[in-house]
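Here is the structure we will look at.
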Amino acid sequence: MPKRYTVTAALPYTNGPIHIGHLAGVYIPADIYSRYLREQGKDVAFICGSDEHGVAIALKAKKEGKTPQQIIDQYDQLIRESFNSFGIAFDHYSRTSRKIHHETAQEFFKILYDKGVFEEKDSEQLYDPEAKQFLADRFVTGSCPICQNPEAYGDQCESCGSTLSATELIHPQSTLSGAKPELKKTKHWYLPLNQYEDFISKWILEGHQNDWKPNVYGQVKSWVSNGLQPRAVTRDLDWGIAVPVPHAEGKVLYVWFDAPIGYISSTKEWAKEKGKDWEPYWCDKETQLVHFIGKDNIVFHCIIFPVMLKASGRYILPENVPANEFLNLEGQKISTSKNWAVWLHEYLESFPEQQDVLRYVLTANAPETKDNDFTWDEFQARNNNELVAIYGNFINRVMVLTHKYYNGFVPQPHTLHEEDKSVLQAMAQLPKKIGDSIENYRFREASQTLMSLARMGNKYLADAEPWKLIKTDPNRVQSIMYTALQVAAGLSILSEPLLPFTAQKLRTMLQLKSKSKLWEQVAHGDTLLQPKHLLGASALLFQKIEDDQMESERSKLRNAAQNNKEEQKKATPLKPQVEASQFETLDLRVAEILEAKKVKKTKKLMELTVLLGEEKRTVVSGIANDYDETELIGKKVTLLVNLKPRALKGIESQGMILLGENEAGKLIFVAPEDTQVRAGTPIK
RNA sequence: CGCGAGGUAGAGCAGUGGUAGCUCGUCGGGCUCAUAACCCGAAGGUCGCAGGUUCGAGUCCUGCCCUCGCUACCA
């Protein structure tokens, strides 16, 4: 039994607001877990904060003509408000831009540096002479060296899927200034993960095979078996935490090095405010450290950060990292850039005071084992059929009957019958059952168990039929209503971690005093509401949600995505001018598609046989998402024929079909309108 | 033949060797205290496919297929 718990939730990155995916994947589970532990009287520190460094924020600031500080202030504020309004009850929420964090992160780096943990390496990287900075990854675009796609990024070509290094790009261009980058030497510090393979293997692969989630375990295994590589922990950037060693001007800590240290600095800040000692929460072996994250963070929380902690020789390691998978929205990936999301601050405008509805839906449908889909249909169904019809209705029945029969006083029971006792006994099992689910990070299961208590209450009332007996056997009705009221009280107590707002409302309605050890009382079968106790006024806990509300949410979503798309379209910059002679080097011709076959194991690739005059050619094109094999046959398209052939998935592609994109995002062929034109005709 | 996770009733999920379950939806019935809510019952699955181990497999092994992720300013 651990002495104390340190619970962390992934630090939200302050370049956008919080959406339902964040909530479902990280913050709700972490909040339920911490609330439950507090309810058990445990010593728990639930820690989080804003992650405010890194290239993305620097880039966003440049694009919007603001300072990074303005960006992070704006989103830090918005994110705090979102968490507050949804009852995500952190013990402390800090920011990585604070002094205490800079000091903590620098000290951490310094400890590893002094121990000689890092490797120093010089390398040549692309440098933008106009913006005066080094260009990492997505700061560079250029032509893909493999498939010639002119819009490949510095880390990857989205057209052919190849992983690239920025220096491989042909005709690289800075996305900051449009300038042509030059190669320049730079020094960086690397964390030699390769030296810690044994440590990770022993700790996770051998030590946590059975208690960690399969998705987390599997990811780690995948990384380790591919061989861990040294990873740079510094960057050339003007936004971040200065590297605290000599000859490191213009260098900052890589955001992924400093962010997890944010958990520690946030804990320090909290401890200072509370007059506590922070160290036991991070250094005492009897502390259970748990990181709640999304699956994209697995490598950082299961490999990189633990290696940092281990290398420091000072800190404990996480006991578990219950990472969730991703939540989709109406069948599509949630995307900040495409504005395909339900933002928390907007949700509350549409559904004021209904935080628990979203909490419940996101818990009941949480992506615990695989990616899940959030739909407004399901949201409505869960609200109307479960929260309103089962939970809310049970409470309403009990309240109405008690007020009607006893003017709101809890009646004095007579001898309890078997059915009364068995309901109370069944309820006494639930604190442990729900607790076990939560301790094992099975929040979906916990929510189902909670709902089963309300179901049980409804069934009990239906079987006992107090509204009939009131005419013939009023004494019996007193026992029935007494029993039903105990169930209502139990429901309010056990709801606290999952539905905190509802639990509070219900307690007020029942006039149930806040005391410690309430869960224990439920488990012991104690009387929760004494006879003659006076209840408060009755109110509805949940409201039905109508179809037209859902329709308006769906159209809001579609409109937002559409507007976003149009804005982005306007923003597509023109490429530099070219000479006519350059254009003439391209050989464009009309081609007719003769055969089409989807390439197996790929999403978009289609293998096409095209007719080009007398000659037939094989071309691989990424159009399988938008076109079926059959509808392609006979189509005339424009083909770039003198593109250097290249193998895609083992098939040699001898040319590139010109494509555009229509309003709906569907790829359309740049094709000769007159279908009479002969295949092979050159285009000028 | 890259790696990982998933593939179980119309939908969403549970179920790691012993007669296939839960919630929602559908259909039928009951009740009327309750936000037409609640309660009972029924229909609906060759547990992705094929082979193997076993007295016995959704559950273990092998091969294959499909989906998602590992690669995006997104957890």
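Reminder, nothing fancy here: chain letters follow the sequence lines and each chain counts from 1.
Counting heavy atoms of neighbouring residues, nucleotides and ligands inside a 6.0 Å radius, atom CD of A:Glu353 does not exceed 12 of them.
The NZ-P distance, from A:Lys60 to B:C73, rounds to 12 Å in whole Å. Rounding to whole angstrom units, OH of residue A:Tyr391 and P of B:U23 are separated by 19 Å. To the nearest angstrom, C1' of B:A37 lies 14 Å from CD of A:Gln543. Atom OH of A:Tyr360 and atom C1' of B:G12 are 12 Å apart (whole Å). Here B:G25 presents its C1' atom at 12 Å from CZ of A:Arg382, a figure rounded to the nearest Å. Look at CD on A:Gln380: it is 13 Å from C1' on B:G25, rounded to the nearest Å. Rounding to whole angstrom units, CZ of residue A:Phe326 and P of B:C70 are separated by 7 Å. Between the CD1 atom of A:Ile390 and the P atom of B:U23 there is a distance of 9 Å, given to the nearest Å.
For the P atoms, the distance linking B:A5 with B:A14 amounts to 15 Å, nearest Å. Only the P atoms considered, B:U8 is 15 Å distant from B:G45, to the nearest whole Å. Spacing between B:G44 and B:A34 at atom P, rounded to whole Å, works out to 37 Å. A gap of 23 Å separates the C1' atoms of B:U23 and B:U59, to the nearest Å. Separating the C1' atom of B:C3 from that of B:U71 is a span of 13 Å, rounded to the nearest Å. Atom name P, nucleotides B:G63 and B:G4: the rounded distance is 12 Å, in whole Å. One C1' atom belongs to B:G58, the other to B:C49, and the distance between them is 14 Å to the nearest Å. For the C1' atom pair drawn from B:G21 and B:G15, the interatomic distance equals 7 Å after rounding to whole Å.
Nucleic acid contact class of A:Leu541 (heavy atoms, under 4.0 Å, all strands): base. Using a 4.0 Å heavy-atom criterion, one finds that A:Thr369 contacts the sugar-phosphate atoms exclusively. Using a 4.0 Å heavy-atom criterion, one finds that A:Ala389 contacts the sugar-phosphate atoms exclusively. Among the atoms of the strands shown, none is found under 4.0 Å from any heavy atom of A:Lys221. Residue-level contact check: A:Gly218 touches the backbone only, with heavy atoms under 4.0 Å from sugar-phosphate atoms and none from bases. Counting non-hydrogen atoms under 4.0 angstrom, A:Val400 reaches the backbone sugars and phosphates but no base. Among the atoms of the strands shown, none is found under 4.0 Å from any heavy atom of A:Glu368.
Taking every side-chain heavy atom of A:Asp463 into account, B:C39 is the closest of B:C39, B:A75, B:C74. Comparing B:C24, B:G69, B:C74 against the side chain of A:Asn385 picks out B:C24 as the nearest. Among the nucleotides B:A75, B:C39, B:G6, the one closest to the side chain of A:Lys370 is B:G6. Listed nucleotides B:A14, B:A75, B:C38 differ in distance to A:Leu327; the shortest reach to its side chain belongs to B:A75. Ranking B:U35, B:G4, B:C39 by closeness to the A:Phe542 side chain, first place goes to B:U35. Distances from the side chain of A:Asn365 to the nucleotides B:G12, B:C68, B:A72 place B:G12 closest. Taking the side chain of A:Arg455 as heavy atoms from C-beta on, and the options B:A34, B:U23, B:A14, the nearest nucleotide is B:U23. Counting only heavy atoms from C-beta on, A:Ile334 has its side chain closest to B:A75 among B:A5, B:C40, B:A75. Of the candidate nucleotides B:C24, B:A5, B:C33, B:A5 has the atom lying nearest to any side-chain atom of A:Pro214. The side chain of A:Gln219 sits closest to B:G69 out of B:C24, B:G69, B:A34.
In terms of position on RNA chain B, the residue among A:Leu401 and A:Asp296 whose nearest nucleotide sits closer to the 5' end is A:Leu401. Comparing A:Leu11 and A:Lys459 by the nucleotide of RNA chain B that holds the closest heavy atom to each, the one mapping nearer the 5' end is A:Lys459.
Classification of A:Lys370 and A:Glu325 as a salt-bridged pair fails, no side-chain N sitting under 4.0 Å from a carboxylate O. Checked for salt-bridge contact, A:Arg235 and A:Asp258 miss the test: no charged N lies under 4.0 Å from a carboxylate O. Remark: A:Asp356 does not engage A:Lys505 in a salt bridge, criterion side-chain N to carboxylate O under 4.0 Å. Checked for salt-bridge contact, A:Asp377 and A:Arg382 miss the test: no charged N lies under 4.0 Å from a carboxylate O. Remark: A:Asp371 does not engage A:Lys333 in a salt bridge, criterion side-chain N to carboxylate O under 4.0 Å. Ion pair A:Arg476/A:Glu419 flagged as a salt bridge, since at least one NZ, NE, NH1 or NH2 atom sits closer than 4.0 Å to an Asp/Glu carboxylate oxygen.
Under the 3.5 Å distance criterion, with hydrogens and angles disregarded, a donor-acceptor pair is assigned to the side chains of A:Glu378 and A:Asn365. A donor atom on one side chain and an acceptor atom on the other are not found under 3.5 Å apart for A:Gln354 and A:Tyr347.
Judged by distance alone, with hydrogens and angles left aside, A:Asn393 brings a side-chain donor or acceptor within reach of the base of B:A34, the pair sitting under 3.5 Å.
Closest heavy-atom contact between A:Pro12 and A:Gly49: CD-O, 3.1 Å.
At least one side-chain nitrogen or oxygen of A:Lys333 sits closer than 4.0 Å to the OP1 or OP2 atom of B:G69.
For B:A75, there is no paired base (Watson-Crick or G-U wobble, both distances below 3.5 Å). For B:C64, the paired base is B:G48 (Watson-Crick or G-U wobble, both distances below 3.5 Å). Remark: B:U54 base-pairs with no nucleotide; criterion is Watson-Crick or G-U wobble with both hydrogen-bond distances under 3.5 Å. Under the Watson-Crick or G-U wobble criterion, with both distances below 3.5 Å, B:G2 is paired with B:C70. The partner of B:G21 is B:C13, by the rule that a Watson-Crick or G-U pair needs both atom distances under 3.5 Å. When Watson-Crick and G-U wobble pairs are counted only if both distances are under 3.5 Å, B:G41 pairs with B:C27. Base pairing annotation: B:U32 forms no Watson-Crick or G-U wobble pair, as no partner gives both donor-acceptor distances under 3.5 Å.
The aromatic rings of A:Phe443 and A:Tyr33 stand perpendicular to each other, their planes meeting at an angle above 60°, with 30° marking the opposite boundary.
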* For nucleotides 26-32 of chain B, read 5' to 3', which letter fits each nucleotide if B means a protein heavy atom sits under 4.0 Å from the base, S means only the sugar-phosphate is that close, and - means neither? -> -----SS
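Ring centroids of A:Tyr263 and A:His301 are separated by less than 6.0 Å, placing the two rings close together.
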